[in-house]
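Shown next, in structure tokens, is the structure this report addresses.
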2 protein chains.
Amino acid sequence: MVQLPKQPVPSSPAPPAVPTSADVARLAGVSRATVSYVLNNTRAVRISEPTRRRVHEAAEELGYVPHAAARSLRAGHSRMVLMPAPNVPVGALYSQFLNELQWALSRLDYTVVQYGSIGLQGDEAARAWAELRPVAVLVPGAGLGPQGVHVLKRSGARAVLTLGPERVEGAHTLLLDHDGVGHSAGAHLLARGRRGVGVVLPLEDGLALYSRPRLEGVRRALRGTGAAVTELPLAYEEESAARLAARWRSLCLDAVFAYNDEYAMLLMRALQDEGVDVPGETAVVGADDLMLGRLLRPRLSTVHIELPSGRELAELVDRVVRDPAGVPEVHQVLGARIVHRESS
Amino acid sequence: MVQLPKQPVPSSPAPPAVPTSADVARLAGVSRATVSYVLNNTRAVRISEPTRRRVHEAAEELGYVPHAAARSLRAGHSRMVLMPAPNVPVGALYSQFLNELQWALSRLDYTVVQYGSIGLQGDEAARAWAELRPVAVLVPGAGLGPQGVHVLKRSGARAVLTLGPERVEGAHTLLLDHDGVGHSAGAHLLARGRRGVGVVLPLEDGLALYSRPRLEGVRRALRGTGAAVTELPLAYEEESAARLAARWRSLCLDAVFAYNDEYAMLLMRALQDEGVDVPGETAVVGADDLMLGRLLRPRLSTVHIELPSGRELAELVDRVVRDPAGVPEVHQVLGARIVHRESS
DNA sequence: TTGAAAGCGTTACCAC
DNA sequence: GTGGTAACGCTTTCAA
């Protein structure tokens, strides 16, 4: 729960009062109700043109901007869609998706707000979000549990959606099929005749949620084929990659699925520095299909991941807001397809 | 100005009312005032321990979460710091800076919110932000003009800060010295004996604001030395880079400052594919000091950019909020220093 | 130690 | 057509 400051900010010499609709009404010589009607284009009531003009002019002159808090307090609901602000760098793919989503939601008259939640533990975050009384909450990744969902719904959120690798009780879930990403990579490597497949598991926090299902996907693809999977913990640092590369030949691998393109670049570089031929001796496959991969030599094979379009997701949010019970709770998303280049 | 929906969302079968402090009071058998005292730890008034417990239990049982809008409406101010949500992928450097800032601000009891402003034109955005009555607004890049600053201040924002390449009238500005970035690169290349320096100008929208000052910085470094600067427009696509590389030798350049590490990678790859030796024939320098650069061969020389620390910026925001007039309006920031590796 | 009441800025319902 | 008025949820004097 957010604490208000113990003592309000000190009033500077001249704190010119913020204009309210009452000020506009006074200046225009009408009532507050009329101001509201004019400024909100209320169609149920007809206001004479001269009056409208006077109101608009007054608002303009005073620099009047309506007070969202007062409005939503009165209305009993807001049009705010809240998302937690990402706390890791977002790639081009995801960034574009976010933009699209935002744009589509604003077309539907929603306001998208990303809430900085660093330092908030689990349910604290949900409580903090709930204080803003968003009409919808959209949470990518993990970080929202059933408790949090409950808090949000209890405080009026009509839609709580998660976008991640696992279902969350009570929320609408867009299930990101990371297993399928690994499966694509595994099946591809198998088809290329590889039999000893390493799978990179990033040591960085929070990535296990994705890397584990991807690993499982590779396992699934190779099951019963005689090909073997080896787990390869790796930190996103040159040194860690160098250590792994140094013992590469002892691992007896002829392929590696490197979690994503960036880890792939890191590892491929280390392998090459160690004299390991790619793809001759070891095939390398990344994921995310970044520009990066096309610039490497050999060009990096990768798993292209297809997120749902921002427009689709926006419409889903809107449907859930309008009728939470009328929309299935789980949606499978995320197409994955291999992009074969030169590294495999 | 945000339109409310013409008709409110249809009430589903059982819209269980959101609990208010009145509900908590009723359940605990006390008055609303007492609830407020207990939940806000108001020190000016002592509440008996049993009563406190009853209130807390009631709040817990009902899943009560205070209503931020009502609170800030009553208080007359909020502790919200608003930033526009970035609409381009943010790199690791900036992302970490944002996290730090957010964390530091939350330590100071502020709530950081990123507002999705795509589709809003210039001053519309400022009006939309102003509706939320943030106590501070922090705008990286351009996108906020004097008009917008005025709107925000008029609606109660005590601090309006911009973080960008140029001053904005009325706002506190953290002047990002992109000129210095170019200057570092230029001076370095000059010291390495280069005389024909190309400077990449990204064609992507919005980057001119940074690339122009960087170009000027290079020019400044080379002025009066006999070395020449050539502008090199470049899109972030392989094909564009290939075209540039194809005519490279006709340009008679022995060095290039590639705007940043990503463009540097793109261009360096194209040059190498064209048979141009780096750094023998042409030196390449990037900027941002990404991990990326260390993985390239030759390792990429780069300009390391030092943003102000999140903590410092948070403290600045806080100082401006407390006393807008007591803080100088313009701050020069952004240290730039060359990191010499192998590509130059 | 607790309670009653006023008021923050809006909008919607009813009279005029 | 237009103008009072009540109410949204909360905090904070002021009284008891």
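To find a chain, count down the sequence lines: A is the first, B the second, and so on, and within it residues start at 1.
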(message) Heavy-atom count check: over 12 atoms from other residues, nucleotides or ligands less than 6.0 Å from A:Q96 CD?
(response) no
(message) From CG of A:L39 over to C1' of D:dT2, roughly how many Å is that when rounded to an integer?
(response) 16 Å
(message) Counting only side-chain heavy atoms from C-beta out, which of C:dA6, C:dT11, D:dC8 sits nearest to A:L73?
(response) D:dC8
(message) Over all strands shown, is A:S72 touching base, sugar-phosphate only, or nothing at heavy-atom distances under 4.0 angstrom?
(response) nothing
(message) Distance criterion of 3.5 Å, no angle test: do you see the side chain of B:R74 paired donor-to-acceptor with the base of D:dT11?
(response) yes
(request) Determine, for B:R127 against B:D123, whether the closest basic-nitrogen to carboxylate-oxygen distance falls under 4.0 angstrom. (result) no
(request) In whole angstrom, give the distance that lies between atom CZ of B:R32 and atom P of C:dA4. (result) 10 Å
(message) So, does A:S31 get its side chain near the phosphate of D:dG3, meaning an N or O under 4.0 Å from OP1 or OP2?
(response) yes
(message) Checking the side chain of B:E312 only, and the main-chain atoms of B:S309 only, is there a donor and an acceptor separated by less than 3.5 Å?
(response) yes
(request) Can you tell me the distance, in whole Å, between the CG atom of B:N40 and the P atom of D:dT13? (result) 13 Å
(message) Does B:V45 reach a base, just sugar-phosphate, or nothing at all? Heavy atoms under 4.0 Å.
(response) base
(request) Between D:dT2, D:dT11, D:dC14, spot the one nearest the side chain of A:T34, thanks. (result) D:dT2
(request) Look at the side chain of A:Y37 against the base of C:dC13 and say whether a donor-acceptor pair falls under 3.5 Å; ignore hydrogens and angles. (result) yes
(request) Specify the separation, in whole Å, of atom CD of A:E49 and atom C1' of D:dT2. (result) 16 Å
(request) Nearest whole angstrom, please: distance from the P of C:dT1 to the CZ of B:R43. (result) 15 Å
(message) Please report the distance, rounded to the nearest Å, between NE2 in B:H77 and P in D:dT12.
(response) 9 Å
(request) Tell me what B:S48 touches on the nucleic acid: a base, only sugar-phosphate, or nothing, going by heavy atoms under 4.0 Å. (result) sugar-phosphate
(message) Between B:T51 and A:P19, which residue's closest nucleotide on DNA chain C lies nearer the 5′ terminus?
(response) B:T51
(message) With a 4.5 Å cut-off on side-chain heavy atoms, are A:V81 and A:L101 touching?
(response) no
(message) In whole Å, I'd like the distance from the CZ atom of A:R53 to the C1' atom of D:dG1.
(response) 17 Å
(message) Would you say that A:V30 contacts A:V55 through its side chain, given a criterion of any heavy-atom pair below 4.5 Å between the two side chains?
(response) yes
(message) Counting only side-chain heavy atoms from C-beta out, which of C:dG9, C:dT11, D:dT12 sits nearest to A:R71?
(response) C:dT11
(request) Look at the side-chain N and O atoms of B:S36 and state whether any lies under 4.0 Å from the OP1 or OP2 oxygen of D:dT12. (result) no
(request) Evaluate the side-chain proximity of B:L73 to A:H67: yes if any heavy-atom separation is below 4.5 Å, no if none is. (result) yes
(request) Find which nucleotide of DNA chain D each of B:A33 and B:A70 is nearest to by heavy atoms, and output the residue with the more 5' nucleotide. (result) B:A70
(message) Rounded to whole Å, please give me the gap between CZ in A:R54 and P in D:dG3.
(response) 9 Å
(message) When you measure from the side-chain N and O atoms of B:S21 to the phosphate of D:dC10, is any distance below 4.0 Å, counting only OP1 and OP2?
(response) yes
(message) At 4.0 Å (heavy atoms only), tell me whether B:T42 reaches a base, stays on the sugar-phosphate, or touches nothing.
(response) nothing
